[in-house]
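Below is one structure, written out as C-alpha cells; comments come after it.
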Number of protein chains: 2
Amino acid sequence: MAGHGTRGRSGRRPTLEEVAVLAGVGRGTVSRVINGSPRVSDATRAAVEAAVAELGYVPNTAARALAANRTDAIALVVPEPETRFFAEPYFSEMLRGVGAELAETEMQLLLIFAGGDRERRRLAQYLAAHRVDGVLLVSVHAADPLPDLLAQLDIPTVISGPRSERETLPSVDSDNHGGGRSAVEHLIARGRRRIATITGPFDVYGAQRRIDGYRAALRDAGREVDEALIVPGDFTEEGGRRAMARLLDLRPEVDAVFAASDVMAAGARQALRAAGRRIPEDVALAGYDDSVIARHMDPPLTSVRQPIEEMGRAMIDLLLEEIADHRPAASRGLDRRQVVLRTELMVRASS
Amino acid sequence: MAGHGTRGRSGRRPTLEEVAVLAGVGRGTVSRVINGSPRVSDATRAAVEAAVAELGYVPNTAARALAANRTDAIALVVPEPETRFFAEPYFSEMLRGVGAELAETEMQLLLIFAGGDRERRRLAQYLAAHRVDGVLLVSVHAADPLPDLLAQLDIPTVISGPRSERETLPSVDSDNHGGGRSAVEHLIARGRRRIATITGPFDVYGAQRRIDGYRAALRDAGREVDEALIVPGDFTEEGGRRAMARLLDLRPEVDAVFAASDVMAAGARQALRAAGRRIPEDVALAGYDDSVIARHMDPPLTSVRQPIEEMGRAMIDLLLEEIADHRPAASRGLDRRQVVLRTELMVRASS
DNA sequence: AGACGCTGTGGGAGCGCTCCCATGAGTGAT
DNA sequence: ATCACTCATGGGAGCGCTCCCACAGCGTCT
C-alpha cells in the first residue's frame, strides 16, 4: 500500500499557489511578497501576508533552490581528520562566531569534515553538485588543492588563515606576527635572557608569522637570534613535549619559552616538570590561543588571545559579500578582502 | 548585462537527460542506474556509467529533493546557547562520532544552534519547511517543547540522553547510573568515609541517574546516605566551585567528592585549594566525562569516561533506521530504540 | 487627444529530477 | 503455436518555485 503516498498526503504543506488563491492574487505576486520585492501595493501585500499566516505557509526550499539556482546554505569545510578539529579549541570558538553571525540570516550552516581520502572525494562531488552557495575553509595547509578546486568551480570562498603573504582568496586572520611579538616582548620585559620558541608546522603560514614575530621582538630588543632556540613543533601536545625535551638538551640554559599553541605549551610543561624545572621560577612559559587549557594549567598559562569568535563572524560577513556580488572572476580586483584582527596577551602566573 | 544568465550558462552542469542521450537510453533508465536499482541490465548499466563518467554528471540535489520529497540531510540541533556547547567537551566528541558515521552515507550534516528565542523561532520555521530528513537532539532539558514539536511534524528524531525513564523518542545514552556508581565505589575502595557528590541540574535525567548511582554505591556498601553531602551544581566551573565551598562549610569532614562533570570538578578543585585542602591526601576527587580538563588538571583527575564518540555513531545509526522505516506513528511500537552504552572509570592521581 | 511611460499584476515556461504506467521483448508452461 | 508472466525500458506527468514577458490602468507630456 502507498506508504509513501500516505506520508506525502498526510503531511501536505500549503503551496504558493494555494496562498495565491486564498489571497485572490496570482502566483507571481505571492512570490514577490515572500521575497520582499518592493513592487507590490500595500493592500495586496497585506492580503498575501494574511493568507500566508492563515495557511501557515512555509516556502519549499527544494523548489526554490531548483528554480533559482541557489541553496541558501554555506559549508564550513574542515580539511583535517575530525580528531584534530577538536583537539584545538580554536575551531570550536570559530564555530561559535560563525553560528552567531549566521543566525542573523536565512543561511544554513553545513559542517563538512574532509580529513581522509574518501571524505575528500565525497567533498569534491559535493562541491561539484553546487550544494552550497559558499564555502568557509578552515585550517588549510599551503599545498592543499582544495582552494584551487573551489576557485575552478567558481564557488565563493573565504579562507581562515591565508596560505601565504600573497593569498588570493578573501581571508580572515589574527595578527600572528604581532601576537608572537607581544608574547616575546613580555618575556623580555620579565628579564628573561634565553628565550626559545616552539613553532607550529612550517607549511602553516600563521606559524611562520609567529616565528617572525619572535624574531622581530628579539631584534628590536637588540638581541641576537640563536637559531638553536627555534625548535619545530606540530601543534600537538606530544610534539610540544618532544620539542621541549630537545631544547633542554641543546640549550639547558633556556629560561623562557614561547610555544606557538597552548596545547604545545602543555606538552612543554610536562617536559619541564620531568626535568625538574619550575615554572615560572626556572623557565617562564607562554602559549598561544588562550584556550581552556591555558586557564586550567598549573600554573595558569600566559597566552596570546586571538579574537576567534570575531574571526568567525568576519568570515561569514566576507563570505556573504562574496556570494552577493558573485560575478565573473575577471571583474574582481585585488580587493581589500584580507581582514586581520588584533590579538591580546593574557598574562598569567606561568611567566 | 545578464550576470545571472552568464553564470547560469557558463557553469552549466550536465543533466540526467543529457546523460540519457549520450548513453542512448531513456531518462528513467539513467535514474535507475544512479539510484542503484537492480532492474537494469548489466550492459545498459555499463553504458550509463560510462556516459556519467564522460560528462562528469552529478545529480542536482535540489531537483531530487523536490521530486522525491527528501533532502538527504539531517540536522544536529543544539538547544543551548553556542557558548555552552563547547564549554562541555562532550559535544565536540559527539560531533566527531556523528561525522564519522555519517561519512559512510550520502547524508549531510547540518549544525543548528537554538539557544535564544530568535533562533528557536527560526528553527521551528526550518523544521516546518521539512528541510531535513531527521533530527539529532542533543542535551535536551525535561521541559523543552522541541521533542513534541518534532513528533507533531512527524520528523524522525533521535535524542541523546532520554528526558525521563519513560522516554518515547529513540535515544542513545551512556550508563549514567553505572558510571556514578563506579566512581563512588572506587572512592569507597580507596577507604574514603565521607563521600560527597556535586550534581548536575535536577531537570537533566542523566544527572539524576548519576545521583542514583551515587546512592546505590553507598547503600550497597552498607553506608547511610547523608543528604547534606549531595549538593546541587549546574555543570559549570563556577557552579562547582560554589558547591564545593558550601560543602566545606556544611561538612568540613568530607574526604572525597564525586563531581558529575569534569568542569565542575575543576571548580571544586579551586575551592579545595582555596581552603588549603590537598588532593588527594585530604580530599579525593573524581569527575565525569574524562575530558581534556581531566587529563590536564593538577593532579590529573579520576573521571568516568563515556564512549561519547560511539554514542554519536549510535545516534546516527538509529536515526537512519528511523528515516528508513518512517511510517505512520501508529505502527511504531515501544521498540527497543533505547541504546545504553557502558562507561569506564579512568583512575588518576586525584583519588 | 494621442503618445508615452510607469507601476502593479497574472501566469506561462521552465528548473532537473522521481514516480509510475505503458510497452515490447523474452521465457516457460500448456 | 498460444497464453501468461516477468523483466528491462521509455517517457509523461508532475514536484513548487522563480523568472520574465505581457498587459491593464493611470498619470504626464506634448
Side-chain angles (χ1 to χ4, degrees), chain A residues 1-9 11-48 52 55 57-72 106 128-131, chain B residues 2-9 11-48 51-52 55 57-72 106 128-131:
Chain A
M1 206 150 312
H4 179 83
T6 302
R7 174 188 174 188
R9 291 297 119 194
R12 270 215 61 252
R13 295 191 283 133
T15 68
L16 241 206
E17 186 87 48
E18 287 160 19
V19 174
V21 170
L22 179 58
V25 301
R27 243 174 37 248
T29 302
V30 176
S31 177
R32 256 161 256 147
V33 171
I34 299 290
N35 293 292
S37 155
R39 322 220 131 288
V40 181
S41 72
D42 290 348
T44 309
R45 165 168 291 115
V48 171
V52 165
L55 293 176
Y57 170 76
V58 179
N60 179 319
T61 359
R64 175 179 283 175
L66 179 58
N69 196 37
R70 63 196 164 87
T71 63
D72 291 329
E106 291 292 288
H130 284 268
R131 288 186 63 172
Chain B
H4 180 81
T6 303
R7 174 188 173 185
R9 291 299 117 192
R12 269 214 65 252
R13 295 190 282 134
T15 68
L16 240 207
E17 186 87 49
E18 288 161 18
V19 174
V21 171
L22 179 60
V25 301
R27 245 175 33 250
T29 304
V30 176
S31 177
R32 255 161 260 149
V33 171
I34 299 291
N35 293 291
S37 157
R39 322 218 130 288
V40 182
S41 73
D42 289 348
T44 309
R45 165 168 291 113
V48 170
V52 165
L55 294 177
Y57 171 75
V58 178
N60 179 319
T61 359
R64 174 178 284 175
L66 178 58
N69 197 36
R70 64 197 162 86
T71 63
D72 290 329
E106 291 291 287
H130 283 266
R131 288 186 64 169

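Proteins get letters first, then strands, A, B, ... in listed order; numbering begins at 1 in each.
- At least one side-chain heavy atom of A:Leu16 sits less than 4.5 Å from a side-chain heavy atom of A:Ser31.
- Distance alone, capped at 3.5 Å, places no donor-acceptor pair between the A:Arg32 side chain and the A:Arg39 backbone.
- The nearest pair of heavy atoms linking B:Pro59 to A:Ala129 is O-CB, 4.0 Å.
- Taking every heavy atom of both residues into account, B:Thr15 and B:Tyr57 meet most closely at C-CE1, 3.6 Å.
- Exactly one residue among B:Val21, B:Val25, B:Thr44 makes a side chain to side chain contact (heavy atoms under 4.5 Å, CB included) with B:Val30. That residue is B:Val25.
- At least one donor-acceptor pair closer than 3.5 Å links the side chain of A:Asn60 to the backbone N or O of A:Ala62.
- Distance CG (A:Leu16) to P (D:dC17): 4 Å, rounded to an integer number of Å.
- Positionally, the nearest nucleotide of DNA chain D for B:Pro38 lies more toward the 5' end than for the other of A:Arg64 and B:Pro38.
- In the region residues 17-29 of chain B, proximity to DNA chain C at under 4.0 angstrom, judged on heavy atoms, holds for B:Arg27.
- Proximity note for A:Thr44 (side chain, C-beta onward) versus C:dT18, C:dT9, C:dC15: the nearest is C:dT9.
- Counting only heavy atoms from C-beta on, A:Pro59 has its side chain closest to D:dC17 among C:dG11, C:dC20, D:dC17.
- Residue B:Asn60 places no side-chain N or O under 4.0 Å from the OP1 or OP2 atom of C:dC15.
- Nearest heavy-atom pair, B:Leu55 versus B:Leu22, reported as atom, atom and distance to 0.1 Å: CG-CD2, 3.8 Å.
- We find that CZ of B:Arg39 is positioned 14 Å from P of C:dC20, with the value rounded to whole Å.
- Summary of the strand contacts: B:Val30 and B:Ala63 both lie near DNA chain D, and taking for each the nucleotide with the nearest heavy atom, the more 5' one is attributed to B:Val30.
- Atom CZ of A:Arg70 is separated from atom OG1 of A:Thr61 by 10.5 Å, given to the nearest 0.5 angstrom.
- Listed candidates were D:dC20, D:dC17, D:dT18. Nearest to the side chain of A:Arg32 is D:dC20.
- One interatomic measurement links the two molecules: CD1 of A:Ile34 to C1' of D:dC19, which rounds to 16 Å at whole-angstrom precision.
- Taken over five-pair windows at either terminus, the axes of the helix from C:dA1-D:dT30 to C:dT30-D:dA1 are inclined to one another by 40° (rounded to 10 degrees).
- The side chain of A:Ser41 contributes an N or O atom lying less than 4.0 Å from OP1 or OP2 of C:dT9.
- Annotation for B:Thr71 and B:Ala65: closest pair CA-CB, 4.5 Å, computed over non-hydrogen atoms.
- The nearest whole Å value for the distance from the CG atom in A:Leu66 to the P atom in C:dT18 is 12 Å.
- In this structure, the CG atom of A:Asp42 is 15 Å from the C1' atom of C:dT9, given to the nearest Å.
- If you check D:dG16, D:dT18, C:dT18 against the side chain of B:Ala68, the one that comes closest is C:dT18.
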